[in-house]
**Q** 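Below you will find the structure I want to go over with you.
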2 protein chains.
Amino acid sequence: MRKNAFTLLELTERLGNVIRAEMRRVGSTYRLHPVHLQALSYLKQANRYSNTPQALTEYLGLTKGTVSQSLLLLYRKGLVARYVDEADKRVVRLKLSAAGKRLMKDAQLAPVWQTAAANVSPARVKTTVLVLLETLRNLQAMQNERPFGVCNTCVHLQRESARIYNCGLSGDRLAVPETRQICRLHTPQ
Amino acid sequence: MRKNAFTLLELTERLGNVIRAEMRRVGSTYRLHPVHLQALSYLKQANRYSNTPQALTEYLGLTKGTVSQSLLLLYRKGLVARYVDEADKRVVRLKLSAAGKRLMKDAQLAPVWQTAAANVSPARVKTTVLVLLETLRNLQAMQNERPFGVCNTCVHLQRESARIYNCGLSGDRLAVPETRQICRLHTPQ
DNA sequence: GAAAATAGGTTTCGTGACGATACCATATTA
DNA sequence: TAATATGGTATCGTCACGAAACCTATTTTC
């Protein structure tokens with residue numbers, strides 16, 4: 001298995017490079033770096049417990065000072081809105097602005113990727129997704145990183161009724177669309 | 001398939017981030033950035049047609065000026081040796097120095113990765129590798145990038161006898177170890 | 001309930017990646 | 001022999017990135 005595991009690492013590295021190169025290409029139109037696109041993409045999906053500089057810092061695996069700078073840039077470009085949390089005034093809440101949302105619609109990477117994977121059978125794609133997911137979760141656990149997933153697949157999500165969900169951790173009620181967002185407190189089932 | 005293809009992209013992105021974070025951690029010991037480790041890793045494997053700044057530039061998907069600077073840094077740190085090609089004096093040939101080879105042995109990422117993928121069945125890993133490889137090849141073809149593979153899997157490799165191989169493209173004879181190296185002229189079978 | 005500790009963010013500083021452009025030397029073509 | 005192409009380097013401006021200092025709001029401690 002040594003051989004295969006090594007190839008898996010190399011392939012992911014290689015694909016990561018190709019994705020970064022593509023991000024650079026797409027981002028250059030807006031004078032944005034790959035990390036900026038990743039930040040915008042994250043903020044687009046982050047739920048109410050996860051729309052802060054701190055959460056983004058954990059997600060990207062960088063230091064808070066670095067992320068603070070990148071967020072400042074995105075703010076100056078009018079792509080991100082920021083406001084102080086009422087309950088805890090140390091906390092900053094982040095949101096995509098209208099311009100930010102528009103940019104995320106225009107600067108999609110997904111189409112290229114879909115074309116590339118178009119001829120692979122659904123069953124094989126599914127296997128691939130599961131293997132990568134398991135590897136990712138293991139890596140994150142080994143490095144004490146948060147897994148970052150959607151509420152849908154979280155142990156803390158409780159279904160009250162057809163359209164009413166609860167987060168068992170915070171005790172908050174969640175709307176249906178919220179259960180599809182990314183949470184930094186995610187705990188896989 | 002849209003859903004799955006999207007998840008595949010996200011997972012690869014995410015894994016790419018984790019790998020980069022790990023590279024940053026490993027590299028910080030030597031004051032090296034992820035891109036430096038990637039360059040060293042590439043040079044360790046590159047064959048005689050591919051051990052040049054130009055090839056590395058294509059491999060990393062960056063501009064030649066940028067790569068030239070990174071190579072200068074690696075040279076100054078004594079990790080890379082460089083000499084002018086005799087046949088074509090414009091060309092620079094690159095090689096890991098003894099210190100460079102030593103560093104690559106110490107700064108392995110593979111062990112962590114192997115642990116993470118340890119519990120996945122060989123068959124599933126194989127499927128994953130094949131799917132990722134196909135996706136990578138398609139992406140590269142779509143963006144007119146070179147595939148960069150080992151001679152073993154190249155259409156140009158001809159087997160003369162048990163231990164004698166030929167590259168049909170250059171006409172050169174290849175030693176057995178060379179057939180396991182990475183080539184920028186690689187054409188998948 | 002004041003002092004100490006902690007936590008979320010920002011600021012500042014130094015290094016160097018990165019793209020763009022200009023530039024240089026060697027090869028190739030006209 | 002001149003024009004052009006090719007592999008690499010040098011230079012410049014922007015800004016990612018980590019480290020460390022700093023600020024403010026909250027929590028803990030005694």
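So you know, we letter chains A, B, ... as the sequences are listed, proteins then strands, and number each from 1.
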**Q** Give the rounded distance in Å between these two atoms: CG of A/Asn51 and P of C/dG8.
**A**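 Whole-Å distance recorded here is 14 Å.
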
**Q** Please name all residues satisfying side-chain hydrogen bond (donor to acceptor under 3.5 Å, both in side chains) with B/Arg124, sequence neighbours left out, ordered by chain then number.
**A**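 Result, side-chain hydrogen bond (donor to acceptor under 3.5 Å, both in side chains) vs B/Arg124: none returned.
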
**Q** Would you kindly give the CE-to-P distance between B/Met23 and D/dG18, to the nearest whole Å?
**A**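 After rounding, the reported distance stands at 15 Å.
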
**Q** Salt-bridge test for A/Arg90 and A/Asp85: reply yes if a basic N is under 4.0 Å from a carboxylate O, no otherwise.
**A**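 Not counted as a salt bridge, because no side-chain N and carboxylate O are separated by less than 4.0 Å.
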
**Q** Side-chain heavy atoms under 4.5 angstrom apart, residues restricted to Ile, Leu, Val, Met, Phe, Trp, Tyr: same cluster for B/Leu133 and B/Leu9?
**A**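 Yes, B/Leu133 and B/Leu9 fall within the same hydrophobic cluster.
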
**Q** In terms of the angle between their ring planes, are B/Tyr59 and B/Tyr42 parallel, tilted or perpendicular, with boundaries placed at 30° and 60°?
**A**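 Because their plane-to-plane angle lies in the 30° to 60° range, the rings of B/Tyr59 and B/Tyr42 count as tilted.
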
**Q** Does the pair B/Glu134/B/Arg137 count as a salt bridge with the N-to-O cut at 4.0 Å?
**A**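 Between B/Arg137 and B/Glu134 there is no salt bridge, as every charged N stays at least 4.0 Å from the carboxylate O atoms.
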
**Q** Specify the residue among A/Arg90 and A/Ser68 whose closest nucleotide of DNA chain C lies further upstream toward the 5′ end.
**A**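 That would be A/Arg90.
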
**Q** Looking at every strand, decide which applies to B/Ala87 at a 4.0 Å heavy-atom threshold: base, sugar-phosphate, or nothing.
**A**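 Touches sugar-phosphate only.
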
**Q** Using whole Å, what does the distance between atom P of nucleotide C/dG8 and atom CZ of A/Arg93 come to?
**A**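 Nearest whole value for this atom pair: 11 Å.
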
**Q** For the residue pair B/Arg93 and B/Tyr83, would you count it as a cation-pi contact if the rule is NZ or CZ under 6.0 angstrom from the ring centre and within 45 degrees of the ring axis?
**A**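 No, B/Arg93 and B/Tyr83 do not form such a contact.
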
**Q** To the nearest Å, give me how far apart CG (B/Asn17) and P (D/dA16) are.
**A**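 Spelled out: CG on B/Asn17 to P on D/dA16 is 15 Å.
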
**Q** Rounded to whole Å, how long is the line connecting atom OH of B/Tyr75 with atom P of D/dT9?
**A**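 It works out to 11 Å between those atoms.
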
**Q** Under the 6.0 Å and 45° cation-pi test, does A/Arg173 pair with A/Tyr165?
**A**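 Checked: cation-pi criterion not met.
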
**Q** Please give, in whole Å, the distance from C/dT10 C1' to A/Lys89 NZ?
**A**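 In whole Å, C/dT10 C1' lies 19 Å from A/Lys89 NZ.
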
**Q** Which whole-number value in Å describes the distance from A/Leu56 CG to C/dT10 C1'?
**A**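 For the pair A/Leu56 CG and C/dT10 C1', the rounded distance is 15 Å.
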
**Q** Contact class for B/Ala55 vs. all strands (heavy atom < 4.0 Å): base, sugar-phosphate, or nothing?
**A**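 B/Ala55: no heavy atom of the nucleic acid under 4.0 Å.
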
**Q** Taking for each residue the nucleotide of DNA chain D bearing the nearest heavy atom, is the 5' side occupied by A/Asp88 or by B/Arg82?
**A**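 Per heavy-atom nearest nucleotide, the more 5' residue is B/Arg82.
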
**Q** Sugar-phosphate means primed atoms, P, OP1 and OP2; the rest is base. With that split, encode nucleotides 16-24 of chain C 5' to 3' as B, S or - using protein heavy atoms under 4.0 Å.
**A** -SBB-----

**Q** Return the value, rounded to whole Å, for the distance between atom CG of A/Leu72 and atom C1' of C/dG9.
**A**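 Value for this atom pair: 12 Å.
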
